[in-house]
*Asks:* 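Dropping a structure here in structure tokens format, bear with me for questions.
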Amino acid sequence: MTFHITVDGRPVPVVPGQTIGAALHAAGVRSWRTTRFGGRPRGLFCGIGVCFDCLVSVNGRAPERACLAEAAPGDEVTTS
Amino acid sequence: MTDDVARRRGDGGDAAYDLVVVGGGPAGVAGALTAALAGLRVALVDSSARLGGQYFRHPAVPGRASGLERFLRLARALGERADVLPRHQVWSVSREPDGALAVHCVTPHGPSSSPHSPDSAASAGARGERPVVLRGRRLLIATGAYDRPLPFPGWDLPGVLTAGGAQALLKGNGVVAGRRVVVSGTGPFLLPVAAGLAEAGARVLGVFEANRGLGLARHPVLALGRLGEAAGYAVSLARHRVPYLTRQAVVAAHGEREVEAVTVARLDREWNVLATRVVECDTVAVGYGFVPQIELGVQLGCGTRYDVDGSPVLRVDDAQRTSVPGVWAAGEPTGVGGWRLAELEGRIAGRSVVAATRRPQAGCADPGRRPEAGRADAGFRPHAGRADADRTDFGSAAGLVSAAGSASAGGGSRVAEPSGVAGPGRGEVAAGEVAGVWVRRRARWQAFGEALQRAYPVKPGWQGWLRDDTLVCRCEEVPLARVREAQELGATDARSIKLLARPGMGWCQGRVCGYAVSCLAGEPPQPPRRPIAQPVTLGTLSALDGTLDGTLSDLDSPSHSGTPDMEDS
């Protein structure tokens with residue numbers, strides 16, 4: 001019942017209902033962003049939309065929180 | 001749902017709901033359902049895809065979990081009687097000239113988002129979010145709480161999660177946070193998190209409770225009810241051979257790109273490090289209690305008080321009214337106490353809103369309300385699912401408010417200031433308004449929540465875990481050294497430190513580091529001033545009838561007055 005999204009071109013499996021952040025974490029992708037100053041890796045931290053560590057761009061849109069954004073079939077996620 | 005929503009909202013776009021509820025956890029759902037059962041027109045918004053809040057978070061296909069089935073019955077009953085809008089993030093609430101409250105939300109575009117069409121859908125289309133404005137005669141703030149993290153060296157490494165984050169992964173997404181997991185922090189919440197991870201197959205290497213674990217058992221008031229639950233978790237941890245170690249905590253995380261190990265320390269009473277050892281792991285779940293989300297109330301000017309643990313919370317009276325007319329609050333924003341207390345408070349708030357709607361005070365015009373909503377029975381629609389959802393608590397909820405309107409119904413007078421020293425703001429108002437049994441039950445659960453806060457405090461020794469280069473603020477990457485530097489330059493309070501060193505100036509607006517910065521400044525955390533509670537695009541702002549200037553000026557001045565002119569065209 002899983003479908004796939006792409007993250008920077010790479011396919012990531014999703015169980016329907018999962019957020020993009022959860023799908024990435026489940027696929028072993030723990031970080032998908034680096035900070036502006038220190039270039040430090042960032043992924044999920046609060047997991048509930050509070051910390052904004054997990055920002056991604058979905059289908060070319062402005063950054064949003066991967067932990068809140070539910071994945072949809074065909075989503076193209078880009079990280080920075 | 002589209003037709004339903006359109007029908008209930010009215011076609012003019014200016015009809016206000018009787019009640020708008022922000023937050024779809026136990027408090028919000030209970031409040032909304034109570035009001036809807038009495039015939040009020042109710043809308044409930046929540047940022048998540050599914051109702052439940054943090055405690056009743058569940059996957060798209062819910063499994064079996066304690067209490068969840070009951071909550072889902074309530075949520076279903078609510079969905080049949082009210083406009084439930086998931087995936088809606090509220091970024092501002094403002095008072096309109098006619099007294100109604102405008103709840104400004106954004107919702108993502110996409111096939112799964114609500115088709116509910118707002119007044120200003122034209123803007124922001126390409127930006128991925130759509131503004132939605134809900135108008136309500138009354139507002140219930142049920143926005144819950146989030147984990148209170150403490151900084152420590154390496155806490156920004158991927159693989160370090162809040163306890164609630166690990167729980168959300170598991171309960172909401174069916175994802176086990178890691179293979180070798182360490183759980184650390186303080187408070188009873190660590191138990192279900194560790195037990196859940198262990199049962200889902202993670203190797204939980206230990207639960208490190210910085211306080212003394214006996215705090216729970218020694219407190220007589222705790223015999224009230226939750227001990228059974230805690231015992232269940234203890235059994236689960238024992239079955240999975242998970243050690244529960246008190247006066248210990250993770251004081252550093254190590255790794256290059258992600259967590260590879262942690263330093264666990266044995267602590268003294270004040271959390272100073274006595275001895276350390278290294279534990280290899282790939283995941284850490286940390287939590288030091290909770291931060292109530294109160295910024296919407298602060299935006300509107302609601303009075304606050306300090307909870308037992310020093311958290312600013314919204315001050316409410318016996319009927320869950322805040323100090324601002326027309327605004328109620330329930331659940332953790334009024335004091336952290338768990339889902340049972342939250343649900344009870346939500347129900348009390350719902351009854352109080354019903355009473356206020358039926359008997360508006362003289363001088364408090366209620367123009368947006370339709371006549372049929374004024375009577376309880378007129379809008380009461382029996383339906384097939386009623387029996388299971390309403391039979392017990394919600395069936396009898398109708399008797400909760402016995403003689404409403406005696407003190408100050410909703411839109412009328414302000415709630416009296418608490419008299420005497422540091423009163424909790426509860427219990428001094430509206431005698432006879434809320435049935436005694438509810439007040440007593442609420443008092444018991446409040447006592448329980450406060451006892452837990454006393455049993456699991458945050459002790460100052462954690463500041464000694466930090467190094468100069470430890471990030472205090474993750475967003476703006478502010479290390480401890482820069483905070484100390486600001487203090488040496490004369491920044492004596494958290495606000496000055498923020499202005500000089502920028503902790504709390506990033507995306508999360510200080511939600512994550514605010515508590516730590518306050519501690520470092522040696523002051524209690526201040527009520528959060530966030531005129532825009534969620535980041536929104538300029539397109540969304542400008543869609544507010546072209547009053548972008550007014551919005552930005554409100555941003556600049558940290559006033560508590562909200563944005564009364566936002567919708568004034």
Side-chain angles (χ1 to χ4, degrees), chain A residues 1-2 5 12-77 79, chain B residues 47-50 54 57 59-61 87 89 108-113 124 126-129 144 146-147 149 155-162 164-169 172-178 256-259 282-283 291 293 471 474-477 479 506-509 511-512 534-535 537:
Chain A
M1 280 301 263
T2 61
I5 60 175
V12 169
V14 178
V15 176
Q18 280 181 339
T19 65
I20 290 169
L24 280 166
H25 197 89
V29 183
R30 294 290 195 92
S31 66
W32 48 83
R33 190 173 76 81
T34 50
T35 58
R36 281 176 299 166
F37 307 120
R40 292 165 184 263
R42 289 284 190 269
L44 292 179
F45 175 61
C46 82
I48 61 169
V50 172
C51 76
F52 292 82
D53 265 6
C54 65
L55 292 173
V56 291
S57 176
V58 185
N59 302 327
R61 299 192 301 249
E64 55 194 290
R65 287 161 278 185
C67 69
L68 293 183
E70 201 167 310
D75 273 350
E76 293 179 10
V77 178
T79 67
Chain B
S47 61
S48 296
R50 291 173 287 279
Q54 303 311 327
R57 190 181 285 277
V61 181
R87 300 186 182 89
Q89 292 160 24
H109 280 294
S112 51
S113 69
R127 309 299 295 168
E129 68 183 29
Y146 55 88
D147 291 82
W155 74 307
D156 64 324
L157 279 171
V160 179
L161 297 163
T162 67
Q167 189 81 329
L169 272 178
N173 296 276
V175 174
V176 186
E256 282 298 315
R257 298 290 297 177
E258 52 188 73
V259 174
D282 57 43
T283 303
V291 179
Q293 303 219 75
L471 292 189
R474 304 163 67 95
C475 302
E476 292 295 297
E477 302 171 71
W507 276 97
C508 89
Q509 300 191 73
R511 286 179 174 87
V512 175
Q534 301 282 334
T537 61

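Scope of the values below: all heavy atoms of this structure, side chains included, with no hydrogens, waters or symmetry mates. Naming convention: chains lettered A, B, ... in sequence-line order (proteins, then strands); numbering from 1 in each chain.
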*Asks:* If you measure from SG on Cys51(A) to CG on Asp147(B), what distance do you get to the nearest 0.5 Å?
*Replies:* 10.5 Å
*Asks:* Can you tell me how far OG1 of Thr34(A) sits from CZ of Arg257(B), rounded to the nearest 0.5 angstrom?
*Replies:* 7.5 Å
*Asks:* From Tyr146(B) OH over to Ile48(A) CD1, what is the distance, rounded to the nearest 0.5 angstrom?
*Replies:* 9.0 Å
*Asks:* First locate atom CZ of Arg474(B), then atom OG1 of Thr35(A), and finally report the distance between them rounded to the nearest 0.5 Å.
*Replies:* 10.5 Å
*Asks:* Side chain, backbone, both or neither: which part of Asp53(A) has a heavy atom under 4.5 Å from chain B?
*Replies:* side chain
*Asks:* Among Arg57(B), Gln534(B), Gln293(B), Gln509(B), single out the residue with the greatest number of heavy-atom pairs under 4.5 Å to chain A.
*Replies:* Gln534(B)
*Asks:* Non-hydrogen atoms of chain B under 4.5 Å away: do they reach the side chain of Arg65(A), the backbone, both or neither?
*Replies:* side chain
*Asks:* Which one of Pro158(B), Gly165(B), Pro149(B), Cys508(B) has the most heavy-atom pairs closer than 4.5 Å to chain A?
*Replies:* Pro158(B)
*Asks:* Does any heavy atom of chain B fall under 4.5 Å from the side chain of Pro16(A), the backbone, both, or neither of them?
*Replies:* backbone
*Asks:* Hydrogens and angles aside, do Thr283(B) and Arg30(A) bring a side-chain donor and acceptor to less than 3.5 Å of each other?
*Replies:* yes
*Asks:* Could you tell me the separation between the CG atom of Leu44(A) and the CG atom of Asn173(B), rounded to the nearest 0.5 Å?
*Replies:* 9.0 Å
*Asks:* Give, for atom OG of Ser48(B) and atom CD of Glu70(A), the distance between the pair rounded to the nearest 0.5 Å.
*Replies:* 10.0 Å
*Asks:* Where does Val15(A) contact chain B at under 4.5 Å (heavy atoms): side chain, backbone, both or neither?
*Replies:* neither
*Asks:* Heavy-atom distance under 4.5 Å to chain A: side chain of Glu476(B), backbone, both or neither?
*Replies:* both
*Asks:* Considering only residues two or more places apart or on different chains, which pairs with a residue in residues 16-37 of chain A satisfy ring-ring contact (aromatic ring centres under 6.0 Å, His included)?
*Replies:* none
*Asks:* Contact part of Gln167(B) toward chain A, heavy-atom cut-off under 4.5 Å: side chain, backbone, both or neither?
*Replies:* neither
*Asks:* Hey, are the side chains of Phe45(A) and Val512(B) touching, using non-hydrogen atoms and a 4.5 Å cut-off?
*Replies:* yes
*Asks:* Indicate the atoms forming the closest heavy-atom contact of Val175(B) with Ala22(A), along with that distance.
*Replies:* CG2-O, 3.8 Å
